[in-house]
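What follows is one structure encoded as structure tokens, with my remarks underneath.
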Number of protein chains: 2
Amino acid sequence: MQKTKLIDFPAIKTACSRCSLQQLCLPQGLNSADMERLDQLVKRPRPLHRGEYLFCQGDRLKSLYAVRSGSFKTYSLGEDGNEKILGFHLPGELLGLAGLGHGEYRAAASALETASVCAVPFDRLQDLADHLPSLNHQLHKIMSQRISRDQEVLLLLGDKSAQERLATFLLNISSRFAERGFSAREFNLSMSRQDIANYLGLTLETISRTFSHLQKDGALEVDRRLIRIVDRECLANIAGACFTDASSATH
Amino acid sequence: MQKTKLIDFPAIKTACSRCSLQQLCLPQGLNSADMERLDQLVKRPRPLHRGEYLFCQGDRLKSLYAVRSGSFKTYSLGEDGNEKILGFHLPGELLGLAGLGHGEYRAAASALETASVCAVPFDRLQDLADHLPSLNHQLHKIMSQRISRDQEVLLLLGDKSAQERLATFLLNISSRFAERGFSAREFNLSMSRQDIANYLGLTLETISRTFSHLQKDGALEVDRRLIRIVDRECLANIAGACFTDASSATH
DNA sequence: CGGGCACTTGAATCATCTCAAGGTTTGTGG
DNA sequence: CCACAAACCTTGAGATGATTCAAGTGCCCG
């Protein structure tokens, strides 16, 4: 009874064709007829709260997910039980791609804050892609970009110092916020220091000290999880100039 | 005149349908008619010598390459000029995938030893994939597996010690050799200590010391680049058991 | 045979980690 | 609304694993 209301209401409000994330997401480059067909596959489950799982490592892969709002972390669990964070995911980004070749999710995904997703049943997406070259190419593109993004992280973890890693991380987050229409200068991190440390291959204490240091250098102002980039150039220098964001606005 | 001979001869000898790498490579899962169509796209350029480039970072992406024999490294060049190695590539593996979303290669690839490849013009591959779902799905699968393989490397670089990294690396190489019909116990590394160090985010000296240490512990016998795994279990324990290869033969 | 390159080993240094204590914010129940 | 606990963050001091610098060996190729 009530169920119908609860499902339909957000479905109408968030059709791909009206979604502000269209250009960052799966429908990018699709004409409106194709987008409509994609839209029919998409389910929009109830929002998740901080800490809830979207999927777990080893679950059978049923759907790919596009982040609609909020943010997620994906992480792999070692048998010693401790997690290693593989990535943070903002609206418009796809989750579950690594599982596609194995039929099961390769990592767990959990919400860092209240968050919602679009779920796309994978087999139906693949069927549709078989008939819509434009969708298929977009899928190729997204997967390829994911490969090159992961490789940038390899670069980061390869031989950079704590300062370089954190500075690069912040610039990366900043430009991803900017792409989504938020401020590149000032933003709230949705993840804890512990999560950042884990992701960057450092300890919580080192992250904390490095934040203090960047602040003392005048590159940042830090207030708990609120970050303001005061001197972007300084930060970029510290990052080792390996990060050149020609595009990002100072919005 | 002579050109014709030189091109045709290897082309006949190495059609996908007769290639021993079929099951590891792009044609996996294709029926013979489809494989034939793929085969018609494939060019097989002259072999490369040690140190020669297959492509450079920033080159316009024309083809994907499948390693046919020998091995390659892919690496990204920082503007400070030093390289960061992103991966080592054995026969059957695809090169160039990260560039597909950008239209240009994101890293350089050079031969570690005399090596040959199959070149697949990317736009024609994409056209063909648009009409052959089985090929398309295989492409998805390969890209997805690449994402999850890269993520395993993130795990490795995240918080492992030098010993854990090198042990994991060797077990990984070993099982990849085994998949290709070579010995899992004894093999020649095609890359230098410097390359291994770079890849694992360590220094040359640390790699050298760690080899000595693993040898002293009785896990390995090392003679220059010839590695014999003496005590696989010991090596796996050192690797942190994060590496479980249920399948690999002791061939 | 000689020169160069790849590798090994040692000793000192340094960045990050570990351990430990203290502070601040947030949420909860009285 | 306050008191308290839990979670999160900061800072310090000492330990440690990897790096750097330096010397030396052995192998390959001309």
Side-chain angles (χ1 to χ4, degrees), chain A residues 49-51 73 80 82-85 110-114 156-170 188-217 220-228 238-240, chain B residues 49-51 73 80 82-85 112-114 156-170 188-217 220-228 238-240:
Chain A
H49 296 116
R50 188 182 131 97
K73 62 176 173 181
D80 39 357
N82 51 18
E83 61 184 52
K84 165 68 194 170
I85 295 176
S110 74
L112 288 167
E113 59 196 313
T114 301
L156 189 60
L157 296 184
D159 50 2
K160 303 258 189 253
S161 70
Q163 283 212 21
E164 290 172 312
R165 291 184 202 195
L166 185 57
T168 306
F169 172 74
L170 291 172
N188 256 292
L189 295 173
S190 55
M191 69 294 285
S192 67
R193 301 284 193 267
Q194 177 63 68
D195 282 344
I196 299 173
N198 182 317
Y199 177 63
L200 295 178
L202 298 166
T203 57
L204 180 164
E205 294 95 327
T206 299
I207 294 298
S208 185
R209 275 187 258 272
T210 307
F211 265 125
S212 302
H213 194 204
L214 290 175
Q215 186 162 22
K216 212 174 295 170
D217 286 1
L220 297 178
E221 280 170 23
V222 182
D223 174 20
R224 260 184 110 59
R225 295 190 180 182
L226 179 68
I227 307 295
R228 176 182 305 170
I238 291 170
Chain B
H49 296 115
R50 188 183 132 96
K73 62 176 174 182
D80 39 357
N82 51 20
E83 62 183 51
K84 165 68 194 172
I85 295 177
L112 287 167
E113 59 196 312
T114 301
L156 188 61
L157 296 185
D159 49 2
K160 304 258 188 253
S161 70
Q163 283 212 20
E164 291 172 312
R165 292 184 202 196
L166 185 56
T168 306
F169 172 73
L170 291 172
N188 257 291
L189 296 172
S190 56
M191 68 294 284
S192 67
R193 301 284 194 266
Q194 177 62 68
D195 282 344
I196 298 172
N198 183 317
Y199 177 63
L200 295 178
L202 299 166
T203 57
L204 180 163
E205 294 94 325
T206 299
I207 294 299
S208 185
R209 275 186 257 271
T210 307
F211 266 124
S212 302
H213 194 207
L214 290 175
Q215 186 162 22
K216 212 173 294 170
D217 286 1
L220 297 179
E221 280 170 23
V222 182
D223 175 18
R224 265 183 105 60
R225 293 190 182 181
L226 179 68
I227 307 295
R228 176 181 306 169
I238 291 169

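No hydrogens, no waters, no symmetry mates; every other heavy atom, side chains included, goes into these values. Lettering follows sequence order; numbering is per chain, from 1. Please read these numbers as outputs of a predicted model, since none were measured by experiment.
Rounded to an integer number of Å, the gap from CG of B:Leu214 to P of C:dT8 is 12 Å. Taking atom CZ of residue B:Phe211 and atom C1' of nucleotide C:dT9, one finds them 16 Å apart after rounding to whole Å. Spacing between atom CG of A:Asp223 and atom C1' of D:dT10 amounts to 13 Å, rounded to whole angstrom units. The distance from atom CG of A:Leu112 to atom C1' of D:dC8 is 15 Å, rounded to the nearest whole Å. Rounded to whole Å, atom P of C:dA6 lies 15 Å from atom CG of B:Leu189. Summarising the geometry, the separation between CG on A:Leu202 and P on D:dC9 is reported as 15 Å, rounded to the nearest angstrom. As rounded to whole Å, 15 Å separates atom C1' of D:dG12 from atom CG of A:Leu204. In this structure, CG of A:Asn188 is placed 15 Å from C1' of C:dT26, rounded to the nearest angstrom.
Counting non-hydrogen atoms under 4.0 angstrom, B:Ile207 reaches nothing in the nucleic acid. Across all strands shown, A:Ser192 has heavy atoms under 4.0 Å from sugar-phosphate atoms exclusively, and none from any base.
Checking side-chain atoms of A:Lys73 against main-chain N and O of A:Ala111 turns up no donor-acceptor pair under 3.5 Å. The main-chain N or O of B:Arg193 is never found under 3.5 Å from a side-chain atom of B:Arg225 such that the two would form a donor-acceptor pair.
Contact annotation: side chain of A:Arg225 to base of C:dT24, donor-acceptor pair absent below 3.5 Å. Donor-acceptor pairing under 3.5 Å, judged by distance alone, is absent between the side chain of B:Gln194 and the base of C:dC5.
When the side-chain nitrogen and oxygen atoms of A:Ser212 are compared with OP1 and OP2 of D:dT11, one or more of them lie within a distance under 4.0 Å. Proximity of B:Arg209 to the phosphate of D:dA18: no side-chain N or O atom is located under 4.0 Å from OP1 or OP2. When the side-chain nitrogen and oxygen atoms of A:Thr206 are compared with OP1 and OP2 of C:dC17, one or more of them lie within a distance under 4.0 Å. A close approach under 4.0 Å does occur between a side-chain nitrogen or oxygen of A:Thr203 and OP1 or OP2 of C:dC17.
Atom CZ of A:Arg50 sits in a sparse spot, with 12 or fewer heavy atoms from other residues, nucleotides or ligands closer than 6.0 Å.
Out of D:dT11, C:dT8, D:dC8, the shortest distance to the side chain of A:Arg224 is found at D:dC8. Taking every side-chain heavy atom of B:Ser161 into account, D:dA18 is the closest of D:dA18, C:dT9, D:dC9.
Mapping A:Glu205 and A:Gln163 onto DNA chain C by nearest heavy atom places A:Gln163 closer to the 5' end of the strand.
Taking CG of B:Leu200 as the start and CG of B:Asp195 as the end, the distance is 10.5 Å to the nearest 0.5 Å.
At least one side-chain heavy atom of B:Leu157 sits less than 4.5 Å from a side-chain heavy atom of B:Arg165.
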